[in-house]
There are 2 protein chains.
Amino acid sequence: MELSNTTQYAIRMLSYIANSHGKLQNAKELSTILTIPYKFLTKILTQLVKSEFIISIRGREGGYKLAKPASEIMVLDILNQFGDIVKENQCILGIGTCDSENKCSLHDQWVIPKEMMIKMFAQTSLENLEGDEFKI
Amino acid sequence: MELSNTTQYAIRMLSYIANSHGKLQNAKELSTILTIPYKFLTKILTQLVKSEFIISIRGREGGYKLAKPASEIMVLDILNQFGDIVKENQCILGIGTCDSENKCSLHDQWVIPKEMMIKMFAQTSLENLEGDEFKI
DNA sequence: TCTTAATACTACCTTTTAGTAGTATTTAAT
DNA sequence: ATTAAATACTACTAAAAGGTAGTATTAAGA
Ligand code: SF4
Ligand code: SF4
């Protein structure tokens, strides 16, 4: 019941990149600042480039910056990209997919917190995560 | 952001055992009814015996039944037993532990759905999961 | 042009989770 | 007593997630 390391890292990286408002950030610095293993971090950054959350500038003086406004990148998009799914119709007990006609025993208790969580992830953008008062 | 297979299986097994109201259930039947691999299921059942959710009767005509009333086994207890933790003070972004003085950027958005989820798991007992209308 | 600092690619290793196999032990029924 | 049907134990294998290593490519700057 928690986000995967990869997803956590991705959110923190994107969050930090968003907070630098267009100034290029390079992998080496990101690695030391966020204390994420360098090689693992670059792997994730490349995925983030391919999935068009960020753009990369190669070569000396290169780095990464957001590919679109922070307000347009939702946390839910990040979760989805890394398969850390919070799908509407996914059974919390793993009994296939579900609808309210064919529900598992936890359905009635789970449906409200689930909706709440999904809604929160869907409505929260990187812009909402900005601020200097947070742990990074 | 989902329960591990083991936890899902454990909840379904316990739920089914609870629903048989004291009648012994054996592993072979549980395996076919719940479509959980036999050997994996018995491994989990043994853990459930050791952690005192159920008691086992060995030998021919043996099987499993709840060790205490269904109303006293909370879903949260099961999650905790299998390390599928929903800890109060665990950072959703994996930045150590947290308190409201030292928060991560998702804190303010996460705190409400998190509380809701924990509360739900803590208040839901196996008794609440009973009923014939559910997928098993 | 050469060096250097950056990203990209390919392949591998490690750890954790999921699942399997085989044997030993227990106990009711015959 | 013997058999059969059940749980318990030990050890292994497979797949997924997390992480590492080395090399290739790109481009600014001296
Ligand atoms: S809880 Fe209900 S909605 Fe959620 S998964 Fe189970 S059946 Fe589906
Ligand atoms: S969100 Fe807040 S409470 Fe939750 S973990 Fe991050 S800092 Fe802690």
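Worth knowing before you read on, the calculation uses all heavy atoms, side chains too, and leaves out hydrogens, waters and symmetry mates. Here is how names work: the chains are called A, B, and so on, in the same order as the sequence lines, proteins then strands, and each is numbered from 1.
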Notebook entry, point to check: Within the structure shown, what part of the strands sits under 4.0 Å from B/T42 by heavy-atom distance: base, sugar-phosphate, or nothing?
Noted result: nothing

Here the distance between atom P of D/dT7 and atom CD1 of B/I44, to the nearest Å, is 14 Å

One should read off an interatomic distance between B/E133 CD and A/H107 NE2, to the nearest 0.5 angstrom, of 11.0 Å

Worksheet item: Could a donor-acceptor pair under 3.5 angstrom be found where the side chain of A/K39 meets the base of D/dG18?
Response: no

Rounded to whole Å, CG of B/L41 lies from P of D/dT7 at a distance of 9 Å

Here the distance between atom P of C/dT16 and atom CD1 of B/I85, to the nearest Å, is 14 Å

Between A/K28 and B/G59, the residue closer to the 5' end of DNA chain C by nearest nucleotide is A/K28

Taken to the nearest whole Å, CZ/A/R58 to P/D/dT26 is 6 Å

Q | Presence of B/S56 side-chain N/O under 4.0 Å of D/dA8 phosphate oxygens OP1/OP2 | A | yes

Separation of D/dT7 atom P from B/K65 atom NZ, nearest Å, is 14 Å

Exercise for the section: Check if the side chain of A/K43 and the base of D/dG18 share a donor-acceptor pair of N or O atoms closer than 3.5 Å. Expected result: no

Item to check | Sugar-phosphate, base or nothing in reach of A/Y38, heavy atoms under 4.0 Å | outcome: base

For B/T46 and D/dT7, is the shortest distance between a side-chain N/O and OP1 or OP2 below 4.0 Å?
no

Heavy-atom nearest nucleotide on DNA chain D taken for A/T6 and for B/K50; more 5' hit belongs to B/K50

ring-ring contact (aromatic ring centres under 6.0 Å, His included) filter on B/Y9, not counting sequence neighbours, yields B/F40

Rounded to whole Å, the CD-C1' distance (A/E29 to C/dT7) equals 15 Å

Nearest heavy-atom approach of A/Q109 to A/S105 is OE1-O, 3.5 Å

With a 4.0 Å limit, can you tell me whether A/N5 has a side-chain N or O closer than that to the phosphate oxygens OP1/OP2 of D/dA17? no

In short, A/L93 meets A/L106 closest at the heavy-atom pair CD2-CD1, 3.9 Å

**Request:** For B/F82, answer base if it contacts any base atom (sugar-phosphate contacts may also be present), sugar-phosphate if it contacts only those atoms, and nothing otherwise; contact means non-hydrogen atoms under 4.0 Å.
**Result:** nothing

Taking the six-membered ring of B/Y38 as reference, does the NZ or CZ atom of B/K43 fall below 6.0 Å from its centre and within a 45° cone about the axis?
no

Whole-Å distance, A/N26 CG to C/dA5 P, equals 11 Å

When rounded to whole Å, the CZ to C1' distance for the pair A/R60 and D/dT25 reads 16 Å

Describe the nucleic acid contact of A/I57 in one word from base, sugar-phosphate, nothing, applying a heavy-atom distance below 4.0 Å.
sugar-phosphate

